[in-house]
Asker: 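Below you will find the structure I want to go over with you.
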Amino acid sequence: MNNIEIIRQLETEQTADRASLVQLLDTLTQDEEELLRQRAQQTAQARFGSKIYIRGLIEISSYCKNDCFYCGIRRSNRNAVRYRLSAEQIVSSCDRGYALGFRTFVLQGGEDPYYTDERMCAVVREIKRRYPDCAVTLSLGERSAESLQRLWEAGADRYLLRHETAGKAHYERLHPPEMSYDNRVATLRLLKRIGYQTGAGFMVGSPYQTAENLADDLLFIKDLRPQMCGIGPFVPHSDTCFRDVPHGSLRTTLILLSVLRLMNPNILLPATTALGTIDARGREKGILHGANVVMPNLSPQEHRRDYSLYDNKICTGEEAAECLQCLKMRMRSIGYEITTDRGDYHE
Ligand code: SAH
């Protein structure tokens, strides 16, 4: 099949085989890319119109017990500045966000044992008590089945846990031996079984990644059927062993967003901060390639710089209101409008 036929097949059958996906990633021309982009944008517009969902991102802790080789807050990075927000700080970030129109709060952090089930469930309950009309999304890494069940019962609605890469051997080159690909995937499947709206996702251009790995990521998402998929370019962090690896390509990330949209028409697909970091208009381009979500930063300003997953991360200077204003303007500039709708997943 030629690339045009593969794009047509992605549109009509919402899938393609591994060899076709690899071919697309390796050989897509500019003209073919533009066709793919248009099909993906139309597919998103048919579902979401020109509405873009927003999620308020609250980065609750830069402590992490894990040691992912690519990540700036890995435990062995002695230069990382560590902070954690108190329950009161988390809830008051939500207060600020609610007043600005946010109806989804994403609580993300390193795997910080300080946040026991008791503490975390209390925070979730308090947010849901104050704002029963809001969705609470957690992104706290791998927790036990019991813990995830308790957080669900406390009222958490959604959980983001990127699989990072669908190749087990590749996963093992990016993570220390005590971390397990199988456990990551099993946790994702468990999250779906419990009832969470679940988000998986992967980095584009991470060290050692091949086009075959990316094709496997696409097929993994197709098989898992998560409600959300977060993808962004790998960006090096100067305190990690991958400091000299170039960041992931803008073009490849945009192509993958489009393919994901065609393979999973209803999926919630953010134009991520990492995409905005490698290109001044990266997030706008992401939307034009089929993304439909943005995640402005709601973290207290004094800690933003310290949630440093990679170098040059954007939005570390502004406050929440400024971040939101900036994104509203950016979306308007391409003919889209931010909506305060909760933005749940619909088939
Ligand atoms: N501890 C949580 C949250 C991790 S941070 C968890 O394990 O899920 C959120 C995401 O940032 C990660 O899933 C990873 O995909 C991304 N990330 C980390 N380091 C990065 C880097 N150097 N470049 C780009 N993305 C990175």
Side-chain angles (χ1 to χ4, degrees), residues 55 57-77 80 82 84 106-115 120 137-143 147-148 151 158-166 170-171 174-176 178-181 183-185 187-188 190-191 196 198-209 213-214 217 220-221 226 228-250 252-253 256 270-279 282 295 297 299 304 306-314:
R55 320 298 195 196
L57 181 62
I58 306 170
E59 297 154 335
I60 70 168
S61 177
S62 68
Y63 286 89
C64 192
K65 68 176 163 69
N66 280 337
D67 214 19
C68 308
F69 299 153
Y70 47 84
C71 182
I73 64 167
R74 58 188 298 220
R75 68 160 184 266
S76 61
N77 181 9
R82 308 291 175 175
R84 65 170 65 93
V106 181
L107 277 41
Q108 186 181 86
E111 290 196 19
D112 180 355
Y114 172 85
Y115 289 107
M120 215 52 233
T137 305
L138 301 177
S139 180
L140 304 170
E142 295 163 49
R143 295 175 76 103
S147 172
L148 295 171
L151 290 163
R158 308 179 187 149
Y159 205 103
L160 303 178
L161 184 76
R162 290 184 176 181
H163 62 283
E164 313 297 358
T165 172
H170 185 217
Y171 185 94
L174 301 177
H175 299 91
E178 70 271 17
M179 291 183 71
S180 146
Y181 174 77
N183 191 59
R184 195 118 185 134
V185 173
T187 305
L188 275 165
L190 171 66
L191 287 164
Y196 284 99
T198 302
F202 53 98
M203 286 179 290
V204 181
S206 60
Y208 318 114
Q209 188 178 59
N213 290 141
L214 288 169
D217 286 318
F220 175 83
I221 295 293
M228 309 168 270
C229 181
I231 74 165
F234 159 78
V235 184
H237 189 291
S238 48
D239 291 324
T240 66
C241 54
F242 298 139
R243 67 182 66 85
D244 295 323
V245 176
H247 67 68
S249 129
L250 173 70
T252 307
T253 308
L256 286 161
T272 55
T273 306
L275 191 55
T277 296
I278 63 158
D279 186 280
M295 299 173 70
N297 198 317
S299 307
R304 286 202 188 174
D306 301 329
Y307 194 74
S308 174
L309 307 178
Y310 47 80
D311 291 340
N312 306 316
K313 185 163 162 259
I314 53 169

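Whatever order the structure lists them in is the order used to number ligands and atoms, beginning at 1.
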Asker: If you measure from each non-hydrogen atom of Glu164 to ligand 1, which part falls under 4.0 Å: side chain, backbone, both or neither?
Answerer: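 Glu164 to ligand 1: side-chain contact only, backbone stays beyond 4.0 Å.
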Asker: Identify the heavy atoms of Lys313 and Tyr307 that sit nearest to each other, and give their distance.
Answerer: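 Shortest heavy-atom separation between Lys313 and Tyr307 comes out as NZ-O, 3.2 Å.
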Asker: For ligand 1, which atoms have a heavy atom of Gly141 less than 4.0 angstrom away?
Answerer: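 Matching atoms, with element in brackets: 2 (C), 6 (C), 7 (O), 8 (O).
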Asker: Would you check whether Arg184 reaches within less than 4.0 Å of ligand 1, judged by its heavy atoms?
Answerer: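 Yes, Arg184 has a heavy atom closer than 4.0 Å to ligand 1.
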Asker: Is any N or O atom of Gln108, backbone or side chain, closer than 3.5 Å to an N or O atom of ligand 1?
Answerer: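 No, no N or O pair falls under 3.5 Å.
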Asker: Flag atom 4 (C) of ligand 1 as yes if some protein heavy-atom distance to it falls below 4.0 Å, otherwise no.
Answerer: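 No, no protein heavy atom sits under 4.0 Å from atom 4 (C) of ligand 1.
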Asker: Heavy-atom contacts under 4.0 Å between Phe69 and ligand 1: side chain, backbone, both, or neither?
Answerer: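 Near ligand 1, Phe69 shows nothing, with every heavy atom at 4.0 Å or more.
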Asker: Counting both backbone and side chain atoms, is some N or O of Gly109 under 3.5 Å from an N or O of ligand 1?
Answerer: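 Yes.
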Asker: Hey, does Tyr70 come in under 3.5 Å of ligand 1, counting only N/O atoms on both sides?
Answerer: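 The answer is yes, given that Tyr70 and ligand 1 share an N or O pair closer than 3.5 Å.
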Asker: Got a donor-acceptor contact below 3.5 angstrom from the Gln209 side chain to the Met203 backbone?
Answerer: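 Yes, Gln209 side chain to Met203 backbone: donor-acceptor pair under 3.5 Å.
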Asker: I need the His170 NE2 to Tyr208 OH distance, nearest 0.5 Å.
Answerer: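 It comes to 8.5 Å.
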Asker: Under 3.5 Å, is there a donor-acceptor pair between the Asp67 and Ser76 side chains?
Answerer: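 Yes, a side-chain donor-acceptor pair sits under 3.5 Å.
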Asker: Is ligand 1 under 4.0 Å from a heavy atom in the side chain of Pro233, in the backbone, in both, or in neither?
Answerer: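 Under 4.0 Å from ligand 1, Pro233 contributes backbone atoms alone.
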Asker: Are Tyr70 and His175 near enough that their ring centres are under 6.0 Å apart?
Answerer: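 Ring centres of His175 and Tyr70 closer than 6.0 Å.
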Asker: With rounding to the nearest 0.5 Å, note down the distance linking CG in Leu140 to CD1 in Ile60.
Answerer: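 Leu140 atom CG to Ile60 atom CD1 measures 5.0 Å (nearest 0.5 Å).
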Asker: Relative to the heavy atoms of Tyr307, which atoms of ligand 1 are at a distance of less than 4.0 Å?
Answerer: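 Close to Tyr307: 5 (S).
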Asker: May I ask you to identify the nearest protein heavy atom to atom 16 (C) of ligand 1, giving residue, atom name and distance to one decimal place in Å?
Answerer: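 Ranked first by proximity to atom 16 (C) of ligand 1 is Arg162 NH1, 3.7 Å.
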Asker: Under a 4.0 Å threshold between the charged nitrogen and the carboxylate oxygen, would Glu142 count as salt-bridged to Arg184?
Answerer: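 The answer is yes: the pair qualifies as a salt bridge.
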Asker: Ser238 pairs by side chain to side chain donor-acceptor pair (under 3.5 Å) with which of Asp311, Asn77, Asp244?
Answerer: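 The side chain to side chain donor-acceptor pair (under 3.5 Å) with Ser238 is passed solely by Asp311 among Asp311, Asn77, Asp244.
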Asker: Heavy-atom distances under 4.0 Å decide this one: backbone, side chain, both or neither, for His247 against ligand 1?
Answerer: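 Answer for His247: neither.
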Asker: Report the nearest protein non-hydrogen atom to atom 26 (C) of ligand 1: residue, atom name, distance rounded to 0.1 Å.
Answerer: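 For atom 26 (C) of ligand 1, the nearest protein heavy atom is Met203 SD, 3.6 Å.
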Asker: May I have the step-by-step check of side chain to side chain contact (heavy atoms under 4.5 Å, CB included) for Phe220 and Phe202, ending in yes or no?
Answerer: CA-CA 11 Å; Phe220 175 83; Phe202 53 98; over 6 Å; no
Asker: Out of Val235, Leu275, Asp112, Thr165, whose heavy atom is nearest to atom 23 (N) of ligand 1?
Answerer: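 Of the listed residues, Val235 has the closest heavy atom.
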Asker: Looking only at protein heavy atoms, which one is nearest to atom 11 (O) of ligand 1, and how far off is it?
Answerer: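 Residue, atom and distance for the closest contact: Leu309 CD1, 3.5 Å.
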Asker: With rounding to the nearest 0.5 Å, note down the distance linking OG1 in Thr273 to OH in Tyr310.
Answerer: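 If I round to the nearest 0.5 Å, the distance is 5.0 Å.
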